[in-house]
Amino acid sequence: MRWLSRSYLALVYLLLYVPIVVLVVFSFNDSRTGYNWGGLSLRWYESLFNNHAMVQAMWNSLWLALTAATVSTMIGALTAVALHRYRFRGKRVLNGMLFVVMMSPEIVLAISLLGLFLLLGLKLGYVSLLLAHVTFCLPFVVITVLARLAGFDERLPEAARDLGASDFTMTRTVLIPVIMPALMAGWLLGFTLSMDDVVVSTFVSGPSYEILPLRIYSMVRVGLKPEVNALGTLLLVFSLVMLMVSQWILSRSKQ
Amino acid sequence: MMRSIKQQPFRAVVLVLVWGWLLFLVLAPNMLVVGASVMTRDPSTFISLPLNLDAYRQLFNPLYLEVFLHSLYMAAMTTLICLLIGYPFAWALSRVEKRRQMLLIFLLIVPFWTNSLVRTYALKLILATNGLLNSALMSLGVIDEPAQLLYTEGAVIVGLVYLLLPFMILPLYSVFEDLRQDVLLASHDLGAGRFATFKNVVVPLTLPGALAGVMLVLLPAMGLFFVPDILGGSRNLLVGNVIKNQFLDARNWPFGAAASIVLTLTMALLMFAHRLSKRRLGEEGA
């Protein structure tokens, strides 16, 4: 029974990882056709970095993810603090709306934002992408920070206030240091969600600001492009590092 | 009211910011979609008056109805397969020693943090006519000539399962974590056999997790339009593809909006079922 459940776990992990391993291995494949092994080579990495539009899209994506993660962390953290500390009218509605944003199919969010931006006459590009990305990252940051606040000693802010600290001072000197790990984890999650998003970005981006996922999308729709293997491997390494940093921050904060 | 704003400027600023963001970028746009769905298609301004229900009627046009039902079928199959793989998986995972569990969960969320387009593309490398799976099967002598794996309904379902499986496993894992061993022992002591314990104890206690998983898989499985685009060819479309086409290519906003409202209603229904299952469990536990 025990070995059965162990081998079942192993089998599912194998299936989850086979495509990723194939991708990484094929990124070093010298063959043009993409299916046969033609020896080790870095030619796809080279052609990737010589592709000017691709490099530009990479920078655009990085900048978008950086700013979207930062803005959503700021707003999300403030929201979580408000939800945790204050009683106010409509608190349940606010909670519910965040939950709905998290659960709604991305495509529903995507078309509603497209409608809004066109109605307002906002030119589709960096700004529309930023607004959209912050919106879908927001609930994830709120949840991460709220989870951290759940274990927060309520006497600390009270003590700070008794000692004469204003709300602002208390937030700066007591609250923020306590929730720092959650802020970082939330930021990293937002960054990754933004880098990965295809569905929402397809609708709210314009030709003035091309981002990486859409560039990849247009490449992989037709045929096989070995450059995508190289790019995918780089993205994999990148997100692996991000994930490890985030886990490290969270586990260190628990001790 | 004024006094509280003066006393707590921080609180006031935060609440205005959050409410402003959500009303402007969530509530207003969604109202807009509802509005668009009952308006008339217009080539220059996208939508115009008069109000009517043509878009909803169009949903029942046999051509689209077929696409919707096919999409629903693929999403349902995806969800079922995820449940069948994920349920025993989550159970087995919750039985592993705590120290190893952390590593295993980490391994489970690595793919989730990896670009989903790239992972879908990786499946294409495996499923293509002269791809790895066909070559492997042929060299093993299972088949004589390459089978058509790519651009089929099966390929779309495989792609969706691959992308969405962690979303089924994680909520299930969390309910199995809460499933206490002594409850199972009690059931055994009261004379229940393995099957009776599973049916009467394990299944009801893990139902909220399963429903949460179903919700997290079924909805994206109808919306992730890039999966059929890469793996499915032109005949295996999702509702997401239809919505995308109506908004970006055919420029029929009312119809696209109506289709997306169907998705939203499905979500509402699932959320309701999830709440109901949790509440029932709460009452029985009390």
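Naming convention: chains lettered A, B, ... in sequence-line order (proteins, then strands); numbering from 1 in each chain.
Most heavy-atom pairs under 4.5 Å with chain B, from the set Val22(A), Leu119(A), Leu193(A): that is Val22(A). Taking chain B as the reference chain and counting heavy-atom pairs below 4.5 Å, the highest number among Leu131(A), Val100(A), Leu11(A), Leu138(A) is found for Leu131(A). The choice from Pro88(B), Gly223(B), Gly240(B) that makes the most heavy-atom pairs within less than 4.5 Å of chain A is Pro88(B). Note: Leu107(B) leads Val33(B), Thr266(B), Leu107(B) in heavy-atom pairs under 4.5 Å with chain A. In terms of non-hydrogen atom pairs under 4.5 Å with chain B, the most contact-rich of Val81(A), Leu83(A), Leu109(A), Leu188(A) is Leu188(A). Residue with the most contacts toward chain B among Thr233(A), Leu114(A), Leu15(A): Leu114(A) (heavy-atom pairs, distance under 4.5 Å). For the set Ser116(B), Ala268(B), Pro220(B), Ala28(B), the count of heavy-atom pairs under 4.5 angstrom toward chain A peaks at Ser116(B). Contacts with chain B were tallied for Asp197(A), Thr202(A), Val101(A); Thr202(A) has the most, counting heavy-atom pairs under 4.5 Å. Taking Leu236(A), Leu212(A), Val199(A) one by one and counting their heavy-atom pairs under 4.5 Å with chain B, the maximum is reached by Val199(A). Of the listed residues (Phe247(B), Phe24(B), Phe89(B), Trp91(B)), the one with the most heavy-atom contacts under 4.5 Å to chain A is Phe89(B). For chain A, the option among Ile169(B), Val110(B), Ile230(B), Thr120(B) with the highest count of heavy-atom pairs below 4.5 Å is Val110(B).
Arg6(A) contributes atom CZ, which lies 6.0 Å from atom CZ of Arg100(B) (distance to the nearest 0.5 angstrom). The distance from atom CE of Met103(A) to atom OG1 of Thr264(B), rounded to the nearest 0.5 Å, is 13.0 Å. The CG atom of Leu15(B) sits 8.5 Å away from atom OG1 of Thr79(A), with the distance rounded to the nearest 0.5 Å. A distance of 12.0 Å separates CG in Asn115(B) from CZ in Phe238(A), rounded to the nearest 0.5 Å. Separating the CG atom in Leu108(B) from the CG atom in Leu16(A) is a distance of 6.5 Å, to the nearest 0.5 Å. Expressed to the nearest 0.5 Å, how far CG of Leu117(B) lies from CD1 of Ile216(A) amounts to 6.0 Å.
At a threshold of 4.5 Å between non-hydrogen side-chain atoms, the residues Tyr121(B) and Pro19(A) do not count as touching. Contact annotation: the side chain of Pro105(A) approaches that of Met267(B) to within less than 4.5 Å [non-hydrogen atoms, C-beta and beyond]. For the pair Leu23(A) and Arg119(B), the minimum side-chain heavy-atom distance is 4.5 Å or more. The shortest side-chain heavy-atom distance between Leu231(A) and Val118(B) does not fall under the 4.5 Å cut-off. Between Ile111(A) and Trp253(B), the closest side-chain pair of non-hydrogen atoms is not below 4.5 Å. Put simply, the side chain of Val26(B) reaches to within 4.5 Å of the side chain of Met97(A), judged on heavy atoms. The shortest distance between side-chain heavy atoms of Val93(A) and Trp19(B) falls below 4.5 Å. Two residues are said to be in side-chain contact when any heavy atoms from C-beta on lie closer than 4.5 Å; Leu219(B) and Val108(A) fail this criterion.
Below 30°, between 30° and 60°, or above 60°: for Phe226(B) and Tyr217(A) the angle between ring planes is above 60°, a perpendicular geometry.
Contact of Leu218(B) with chain A is not made at all, since no heavy-atom distance falls under 4.5 Å. Contact of Ile107(A) with chain B is made through the side chain alone, with heavy-atom distances under 4.5 Å. In this structure, chain A has a heavy atom under 4.5 Å from the side chain of Val14(B), while its backbone stays farther away. Only the side chain of Leu248(B) comes within less than 4.5 Å of a heavy atom in chain A; its backbone stays farther off. Both the backbone and the side chain of Leu22(B) come within less than 4.5 Å of a heavy atom in chain A. Residue Met222(B) does not touch chain A at all, counting heavy-atom pairs closer than 4.5 Å. The contact between Thr192(A) and chain B is made entirely by side chain atoms (from C-beta outward), counting heavy-atom distances below 4.5 Å. Neither the backbone nor the side chain of Leu150(B) comes within contact range of chain A; no heavy atoms are under 4.5 Å apart. Ile109(B) touches chain A through backbone and side chain together, each having a heavy atom under 4.5 Å away. Heavy atoms closer than 4.5 Å to chain B are found in the side chain of Leu235(A), but not in its backbone. Looking at Phe117(A), the atoms closer than 4.5 Å to chain B (heavy atoms on both sides) all sit in the side chain, from C-beta outward. Neither the backbone nor the side chain of Leu270(B) comes within less than 4.5 Å of any heavy atom of chain A. Both the backbone and the side chain of Val96(B) come within contact range of chain A, each with at least one heavy atom under 4.5 Å from a heavy atom of that chain.
In this structure, the side chain of Lys124(B) engages the main chain of Val220(A) through a donor-acceptor pair within 3.5 Å.
Looking at every heavy atom in both residues, Ile105(B) comes nearest to Tyr13(A) through N-OH, 4.2 Å. The shortest non-hydrogen separation linking Leu116(A) to Pro29(B) is CD2-CG, 4.0 Å. When all heavy atoms of Phe203(A) and Lys244(B) are compared, the pair lying nearest together is CZ-CA, 3.7 Å. Residues Leu84(B) and Tyr8(A) come closest through the heavy atom pair O-OH, 3.9 Å.
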CA sep, side-chain torsions, deciding dist, call: Phe136(A), Leu25(B), side-chain contact (heavy atoms from CB on, under 4.5 Å): CA-CA 10 Å; Phe136(A) 69 68; Leu25(B) 285 153; over 6 Å; no
